[in-house]
Amino acid sequence: MPTKKRAVAMLLAGGQGSRLGVLTTQVAKPAIPFGGKYRIIDFPLSNCVNSGIDTVGVLTQYMPLDLNGYIGNGQPWDLDRNDGGVAVLPPYQKGKAGEWYKGTANAIYQNIAFIERYDPEYVVVLSGDHIYKMDYNKMIEYTEEKNAACTIAVLNVTLEEASRFGILNTNDDNSIYEFEEKPAHPKSTKASMGIYVFQWKKMKYYLEADEADPNSSNDFGKNIIPAMLNAGERMFAYEFDGYWKDVGTLDSLWDANMELLSADSPVNLNDSSWKIYARSANAMPQYVSVHAKVKNSIVAEGCRVHGNVENSVVFNDVYIGRGAVVKDSVILPNTVIEDNAKVEYSILGQGVTVAQGAVVGAAKEVAMATVEPGKMSGYMAVLGDSITIGENVTVKAGEMLAEDRF
Amino acid sequence: MPTKKRAVAMLLAGGQGSRLGVLTTQVAKPAIPFGGKYRIIDFPLSNCVNSGIDTVGVLTQYMPLDLNGYIGNGQPWDLDRNDGGVAVLPPYQKGKAGEWYKGTANAIYQNIAFIERYDPEYVVVLSGDHIYKMDYNKMIEYTEEKNAACTIAVLNVTLEEASRFGILNTNDDNSIYEFEEKPAHPKSTKASMGIYVFQWKKMKYYLEADEADPNSSNDFGKNIIPAMLNAGERMFAYEFDGYWKDVGTLDSLWDANMELLSADSPVNLNDSSWKIYARSANAMPQYVSVHAKVKNSIVAEGCRVHGNVENSVVFNDVYIGRGAVVKDSVILPNTVIEDNAKVEYSILGQGVTVAQGAVVGAAKEVAMATVEPGKMSGYMAVLGDSITIGENVTVKAGEMLAEDRF
Amino acid sequence: MKDTLGLIFAYQNEESMQSLTKVRASSSVPYGGRYRIVDFVLSNMVNSGITKVGVITRNNFQSLMDHLGSGKEWDLSRKNGGLYILPPFSQSTGYRGKMEALKNAESFIRKSTEEYVVLATANAITNQTYDEALAYHKEKQADITIIYKKSQVKKYEDGATIGNIITLDADNRVVDVAINPEVGDAEVCRSTEQIIIRRSLLETLIADCASHYMYSFHKDVLQRHLKDLKIYGFATDKYIAKVDSIATYYDASMDLLSGETRAELFYQPNQVFTKIRDEAPTLYLGDSEVSNSMIADGCIIEGTVENSIIFRGVHIHKGAVVKNSIIMQDADIQANAELAYAILDKDVVIREGRKLYGWERTPYVVAKGQVI
Amino acid sequence: MKDTLGLIFAYQNEESMQSLTKVRASSSVPYGGRYRIVDFVLSNMVNSGITKVGVITRNNFQSLMDHLGSGKEWDLSRKNGGLYILPPFSQSTGYRGKMEALKNAESFIRKSTEEYVVLATANAITNQTYDEALAYHKEKQADITIIYKKSQVKKYEDGATIGNIITLDADNRVVDVAINPEVGDAEVCRSTEQIIIRRSLLETLIADCASHYMYSFHKDVLQRHLKDLKIYGFATDKYIAKVDSIATYYDASMDLLSGETRAELFYQPNQVFTKIRDEAPTLYLGDSEVSNSMIADGCIIEGTVENSIIFRGVHIHKGAVVKNSIIMQDADIQANAELAYAILDKDVVIREGRKLYGWERTPYVVAKGQVI
């Protein structure tokens with residue numbers, strides 16, 4: 001019998017992340033590798049555990065096989081609890097019919113039975129799209145202190161950026177009086193981070209009301225929050241001033257990886273007081289040969305480095321041959337870069353082979369000067385999972401490949 | 001990295017089991033409790049483990065919350081393996097669209113990626129609807145020996161029964177030349193048990209061909225097997241002569257429970273050489289008081305028996321008050337039968353309360369003499385989960401209740 | 001109580017329970033149809049929210065290790081904290097007292113970060129949590145808090161000890177500690193051997209005792225520091241049975257046939273956890289007659305059972321009669337055998353028609369695996 | 001190899017590895033950046049399809065227990081079979097030989113149902129499976145099969161032993177067993193201390209040795225039964241290093257810097273499993289210069305590393321130089337410190353500018369937690 005929990009977290013992990021191009025053809029966005037050994041979802045999951053939340057529902061519907069296998073029984077995050085722990089919640093059939101998750105709110109609505117097992121005071125709604133460290137427990141305490149029906153985490157952005165976000169207009173006490181989705185003329189710079197703490201009783205009421213409305217798109221930002229504001233519920237903004245990065249585009253994914261490459265990185269992965277947990281591959285320690293040079297980079301276990309690595313993030317079990325150069329790049333696991341191949345300003349998927357003498361991408365300055373802007377991969381070269389680039393073949397800056405090239 | 005497996009089992013657990021009435025409004029049929037502590041799905045899962053198959057995909061889509069929680073990480077069946085183990089496989093979205101499992105074959109088709117991880121020689125297709133003990137490994141060996149593309153387990157039924165089954169017409173060497181679904185004039189008494197062993201390469205070919213056919217109903221019995229027979233594939237019947245019970249109706253569920261009540265039951269649950277594993281509740285030993293009489297019954301842990309129990313199967317944590325009578329009945333977990341209440345020839349769901357002096361059902365002979373035939377619950381009284389029967393209230397034989405009665 | 005470390009002394013009274021402790025540590029003696037004695041204290045810690053527990057062992061603890069496994073059943077299979085079995089560092093001759101045992105666990109304690117420690121012996125059958133006692137400990141700004149129970153002491157003559165009796169002042173501060181005194185019929189305040197202490201103080205006391213060749217917690221810590229440490233008593237009125245001899249074991253088992261005891265131990269929001277064993281539910285056949293008995297899963301009952309505790313997997317054949325007895329796992333009581341006031345260890349066979357009668361204060365104990 | 005039981009002797013050479021075995025059993029000495037020595041033999045058993053393994057311990061095995069945990073990383077957390085740590089039954093003075101150790105594990109062995117047993121000492125660094133040896137054992141209808149390797153023996157002077165040298169006839173039957181003989185430079189057949197035997201025969205031999213006060217496997221079993229038991233040798237040509245002294249430990253570590261050794265140990269379908277630790281990937285900053293070294297996760301490298309093995313969580317600051325050394329977990333090598341031919345146990349701090357130079361045959365060993 002599950003026992004009562006103060007808080008249950010619901011993690012929306014259904015997003016396809018289509019702006020990440022070839023990287024998400026096989027996996028959902030939260031399962032995208034990051035930082036040499038992590039997946040994006042490791043951040044909210046680890047935040048939950050570090051915040052003392054031991055019951056997490058992960059709502060999936062897009063290409064979940066990889067993500068399900070990754071989450072498994074939750075052991076890497078210490079979420080293999082007898083009472084609570086992590087549960088993957090796909091859409092399901094009830095009675096004669098089944099329904100896909102129509103929107104973020106509907107996804108939670110369909111899993112009310114899961115939440116009610118734990119009879120929680122609060123439900124924390126998270127997404128699997130962002131890199132950040134945050135103590136959700138403080139936000140819950142803030143919600144309790146304010147006796148709020150809902151609190152929304154906000155980040156102060158610049159006035160120019162504000163037009164790209166959902167903006168919360170607040171009174172002096174941080175109570176919210178208005179929510180504007182991507183306002184042309186923002187009145188505030190408090191951007192919603194898509195992190196909500198709800199009193200469960202209130203939330204359930206509004207989820208059920210929203211579901212009964214056939215015109216609703218069943219979305220937190222578009223429907224639930226405005227409905228609660230209209231009804232005069234106590235709603236507060238919770239200010240967050242740490243590092244927070246939406247890795248929804250290839251450019252921002254690259255940036256976020258590169259921001260790890262310093263002793264005082266805003267995302268300190270070596271901080272033992274707020275560990276980011278991940279499912280670790282069983283790989284031997286990396287071997288760096290006499291011919292190798294490794295500068296200002298992250299390199300993970302199982303790598304064999306015989307060439308030059310500079311300013312790059314290299315995931316586990318990557319082979320970099322003699323004379324090969326990897327610069328300003330992100331190399332996902334199990335990729336092979338053969339002797340004398342060159343990879344610059346690129347993102348390479350898992351299990352890619354770059355054969356001898358092949359050239360992928362161009363030096364960052366050159367790429368930015370020569371590639372026309374507006375491509376999905378920006379000025380980078382991006383290679384999808386498991387593809388092979390033949391000997392001495394070139395992949396130009398700005399190209400995104402989903403298939404082998406010989 | 002998963003390693004190659006000789007065989008992977010795919011367990012079709014999506015069925016609603018609507019002929020089980022109020023017992024399946026909250027759970028899928030494979031999650032129905034059976035035999036004092038088991039669920040139906042424990043039988044195929046335990047058979048897998050006992051047959052040396054350590055990789056099992058469980059295909060769900062109807063009301064999976066309870067079943068998912070029950071299966072969990074597979075530990076009770078020793079299926080929490082680092083490489084393989086049990087995986088719950090719900091429908092999912094791929095690209096822009098998602099698809100429910102359209103039929104048994106389509107459910108497997110949608111999970112080809114799961115199967116291919118293990119690069120198996122054989123795929124065993126099972127359903128979660130039957131009570132039986134079977135060594136699937138022997139069937140795999142038979143398939144190998146015959147070099148069959150597919151073998152189908154068959155049970156010899158009587159000629160009268162044969163019209164209710166899918167019937168396999170075979171040659172002397174057990175090779176199949178024809179498959180007839182519920183034939184009016186059966187040529188054989190070999191009834192398909194819905195248990196298939198396929199060579200994975202062949203299976204994949206026919207699954208893909210079937211999927212490409214827009215007129216197919218994507219079902220093994222209706223489409224895949226006939227297509228393979230038409231194409232002249234080597235297909236054999238595998239004869240099984242043990243106990244096998246479809247518990248698809250309330251009557252057959254009751255029968256199967258009652259068949260456990262003898263020292264030489266065909267389903268010996270105390271056989272340590274072929275254990276049926278289950279997720280056990282943490283309950284104290286049962287207490288049988290000075291006022292109790294327990295005869296010819298199964299009683300599980302956590303029960304407190306102060307009354308009379310006869311010829312019944314009583315699940316864990318049931319309370320039976322002083323002077324109460326439980327006879328010829330199946331009582332699911334956490335039910336309370338108060339003092340002087342009487343339950344005869346009935347099935348009671350989980351967490352039911354039968355208050356003092358209430359009467360549920362009638363003596364079997366009386367019920368069969370008085371109740372008109374053709375009801376879903378037969379001559380029994382059947383109570384759905386969590387309902388309450390008030391003091392001195394009567395529920396008649398043949399009634400099926402989904403709501404409280406006071 | 002996240003900020004509290006649990007430490008269990010799992011090695012006591014190894015000589016006073018006859019053959020039951022020949023094959024296992026006293027803490028892993030089977031009890032109550034499906035439990036081991038250690039399950040109670042361990043569950044109490046878990047139910048108090050303690051997520052890191054060290055189990056101090058001495059010898060003969062293979063069976064204890066098999067039982068506890070990874071700690072999963074107690075939800076103590078964790079990345080941070082969890083269950084730690086602490087074997088003796090070297091093969092010395094054993095611990096002369098709790099302080100010596102704690103010395104052996106010193107590095108485990110030092111590596112911990114919790115502010116408080118709950119120390120408890122494994123041999124107490126009770127269902128209680130330590131939340132209230134800890135709150136009291138904090139409120140009194142106590143150095144050490146002893147959970148005690150006021151009760152009359154039943155006397156046994158088979159090695160059971162009265163234990164440590166404390167005397168309290170009006171403020172509940174402990175002013176005297178007596179070790180196994182003669183107390184007659186009086187009501188006394190008996191330590192339950194459940195103690196709360198700050199981790200930093202415990203570390204100091206361990207080092208202090210070690211450097212002065214002292215080893216007893218009651219003698220060398222409590223009695224010596226009555227004045228300079230603030231030692232308080234916290235009263236409990238929960239059911240508690242100390243199991244340290246055959247007679248106390250038998251009585252604590254028979255207590256389970258009282259509804260009140262069962263209610264105190266089991267019909268509680270806080271569960272007693274134990275290792276899961278795969279067993280079919282119990283099957284009653286033929287002329288089974290069962291009365292006032294606890295029966296675990298996996299049994300087949302064809303005979304008569306009265307006032308008894310029957311463990312998992314026991315088969316009682318036709319015509320067999322079991323009265324006032326404790327029958328452990330997988331016993332086979334064959335047709336027409338008779339048992340009264342008997343304690344059968346695991347895997348015992350009583351052949352057809354054999355009769356064993358013990359007496360209440362001196363039950364007949366049959367060692368593991370014997371065939372009679 | 002479902003029908004085979006694994007037994008690992010995890011307690012040897014406790015005195016010959018200086019401070020490395022002061023805080024732990026030799027089988028849990030860290031090796032190769034992230035492993036413990038026992039990982040290799042244990043993984044070999046698992047990779048052979050063995051699903052039940054007993055680990056025989058003597059003393060000082062807390063660290064080994066912490067490392068092995070529930071056996072989950074080796075997929076040995078199982079309901080049927082799995083990993084069993086077998087502590088000494090009582091606090092005796094230790095085992096005088098393998099047969100005495102096996103006597104202690106006798107009830108575990110008797111309760112097992114497997115037909116064969118693989119016996120192996122924990123201190124062999126090798127990646128191999130026992131399938132072929134078992135097939136050979138069956139084919140020869142052998143009573144005992146000794147896996148041996150033909151090789152020249154390197155001599156050490158620090159407690160490392162040559163071990164057991166066998167002599168074979170043309171049919172590969174063992175005709176002589178010599179214990180630590182003087183062998184000079186000759187190529188000899190050295191037992192790898194991996195032995196296959198029928199379980200029933202092993203049980204008989206254990207009982208026989210115990211009743212005759214004999215305890216040595218090589219002396220009292222192999223040498224005595226050369227004629228009446230069919231003892232065969234099975235040759236292996238896999239890399240194997242026996243770690244039983246500081247010098248052999250250092251050499252076996254430095255072997256990892258050879259591509260061939262790494263290929264034999266790691267770039268294989270059969271993985272070496274070990275306990276997972278949560279660490280960020282390694283970060284190279286500033287003027288890091290790394291050459292011919294193995295580096296585990298969780299390090300921050302700002303200095304120079306050459307011909308070295310760096311364990312998890314080591315921080316090598318600016319200007320620090322580490323050559324020909326083994327630096328265990330969580331060491332902090334501060335700015336401009338220099339190390340050569342050093343072995344640093346876990347949690348060592350080398351302060352700014354300090355220099356430690358050992359020599360190849362006698363590396364400088366720094367004990368756990370020292371600050372220099």
Side-chain angles (χ1 to χ4, degrees), chain B residues 34-38 42 46 73 75-78 80 257 260-265 267-272 275-306 309-319 333, chain C residues 31-35 39 43 70 72-74 77 127 256-259 261-263 265-268 271-302 305-315 317-318 330:
Chain B
F34 173 78
K37 77 175 275 191
Y38 307 90
D42 288 330
S46 299
N73 71 344
Q75 192 274 336
W77 305 270
D78 213 13
D80 56 330
N257 273 290
L260 299 170
L261 298 178
S262 92
D264 50 357
S265 161
V267 188
N268 180 358
L269 295 170
N270 292 298
D271 176 5
S272 61
K275 271 201 177 177
I276 302 302
Y277 299 98
R279 189 173 287 278
S280 298
N282 181 37
M284 60 170 300
Q286 57 195 275
Y287 175 73
V288 180
S289 83
V290 285
H291 309 294
K293 279 208 193 317
V294 184
K295 298 282 181 194
N296 199 45
S297 292
I298 280 174
V299 181
E301 286 188 325
C303 288
R304 289 174 276 170
V305 183
H306 299 276
V309 177
E310 200 182 324
N311 208 36
S312 293
V313 174
V314 181
F315 283 70
N316 59 285
D317 296 294
V318 168
Y319 179 90
Chain C
Y31 171 82
R34 63 196 288 270
Y35 304 94
D39 290 341
S43 299
S70 65
K72 184 67 193 161
E73 271 94 355
W74 296 267
S77 172
N127 183 341
L256 292 172
L257 301 181
S258 132
T261 306
R262 285 199 310 280
L265 290 178
F266 300 113
Y267 311 146
Q268 297 286 338
Q271 295 179 57
V272 182
F273 301 101
T274 189
K275 185 179 178 184
I276 297 295
R277 208 182 105 151
D278 294 297
E279 291 287 1
T282 281
L283 182 58
Y284 295 81
L285 291 174
D287 297 319
S288 60
E289 293 280 354
V290 178
S291 167
N292 192 37
S293 294
M294 269 180 77
I295 299 179
D297 263 4
C299 296
I300 299 177
I301 312 285
E302 304 176 87
V305 180
E306 221 178 276
N307 308 326
S308 293
I309 312 284
I310 311 293
F311 283 66
R312 294 161 172 169
V314 170
H315 190 164
H317 294 257
K318 282 175 199 163
D330 294 331

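Each chain gets a letter, A, B and so on, in the order the sequences are listed, and its residues count up from 1. What's counted below: heavy atoms across the whole structure, side chains too, no hydrogens, waters or symmetry copies. Keep in mind that what you see is a predicted model, and the values were worked out from it rather than measured.
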[atom2] on [Y] to [atom1] on [X], rounded to 0.5 Å:
| X | Y | atom1 | atom2 | answer |
| --- | --- | --- | --- | --- |
| B:Gln286 | C:Thr282 | CD | OG1 | 5.0 Å |
| C:Lys72 | B:Asp80 | NZ | CG | 9.5 Å |
| C:Leu283 | B:Asn270 | CG | CG | 7.0 Å |
| C:Asp287 | B:Lys295 | CG | NZ | 5.5 Å |

Residue selection (most heavy-atom pairs with chain C, distance under 4.5 Å) from [options]:
| options | answer |
| --- | --- |
| B:Gly36, B:Ser289, B:Ser262 | B:Ser289 |
| B:Val294, B:Leu269, B:Leu260, B:Val314 | B:Val294 |
| B:Val309, B:Asn282, B:Asn316 | B:Asn282 |

At a heavy-atom distance under 4.5 Å, which candidate from C:Ser293, C:Gly33, C:Cys299 has the highest pair count against chain B?
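Between C:Ser293, C:Gly33, C:Cys299, the count favours C:Ser293.
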Among C:Glu302, C:Glu289, C:Arg312, C:Glu73, residue most engaged with chain B (heavy-atom pairs, under 4.5 Å)
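Of the candidates given, the most pairs with chain B belong to C:Glu289.
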Quick check: closest heavy atoms across [X] and [Y], and the distance to 0.1 Å?
| X | Y | value |
| --- | --- | --- |
| B:Lys275 | C:Asp278 | NZ-O, 3.4 Å |
| C:Asp297 | B:Val299 | OD1-O, 4.3 Å |
| C:Tyr35 | B:Met284 | OH-CA, 3.3 Å |
| B:Gly35 | C:Pro281 | O-CG, 3.4 Å |
| C:Gly32 | B:Pro285 | O-CG, 3.2 Å |

Using non-hydrogen atoms only, which part of [X] is less than 4.5 Å away from chain B: side chain, backbone, both, or neither?
| X | value |
| --- | --- |
| C:Tyr267 | side chain |
| C:Val272 | backbone |
| C:Ile276 | side chain |

Would a distance-only check, ignoring hydrogens and angles, find a side-chain to backbone donor-acceptor pair under 3.5 Å from B:Lys37 to C:Ala280?
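A pair under 3.5 Å: no.
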Keeping C:Arg34 on the side-chain end and B:Ala283 on the backbone end, is there a donor-acceptor pair under 3.5 Å?
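Such a contact is found between C:Arg34 side chain and B:Ala283 backbone.
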Under the ring-ring contact (aromatic ring centres under 6.0 Å, His included) test, residues paired with C:Tyr31 that sit two or more places apart
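C:Tyr31 satisfies ring-ring contact (aromatic ring centres under 6.0 Å, His included) with C:Phe40 only.
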Restricting to ring-ring contact (aromatic ring centres under 6.0 Å, His included), what partner residues turn up for B:Phe315, sequence neighbours left out?
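Partners of B:Phe315 under the ring-ring contact (aromatic ring centres under 6.0 Å, His included) test: none.
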With side chains defined as the heavy atoms from C-beta onward, is the minimum distance between C:Leu285 and B:Asn296 less than 4.5 Å?
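Side chain of C:Leu285 against side chain of B:Asn296, heavy atoms only: contact under 4.5 Å found.
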I want to check something: taking the side chain as every heavy atom from C-beta on, are B:Tyr287 and C:Leu257 in contact at a cut-off of under 4.5 Å?
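Side chain of B:Tyr287 against side chain of C:Leu257, heavy atoms only: contact under 4.5 Å found.
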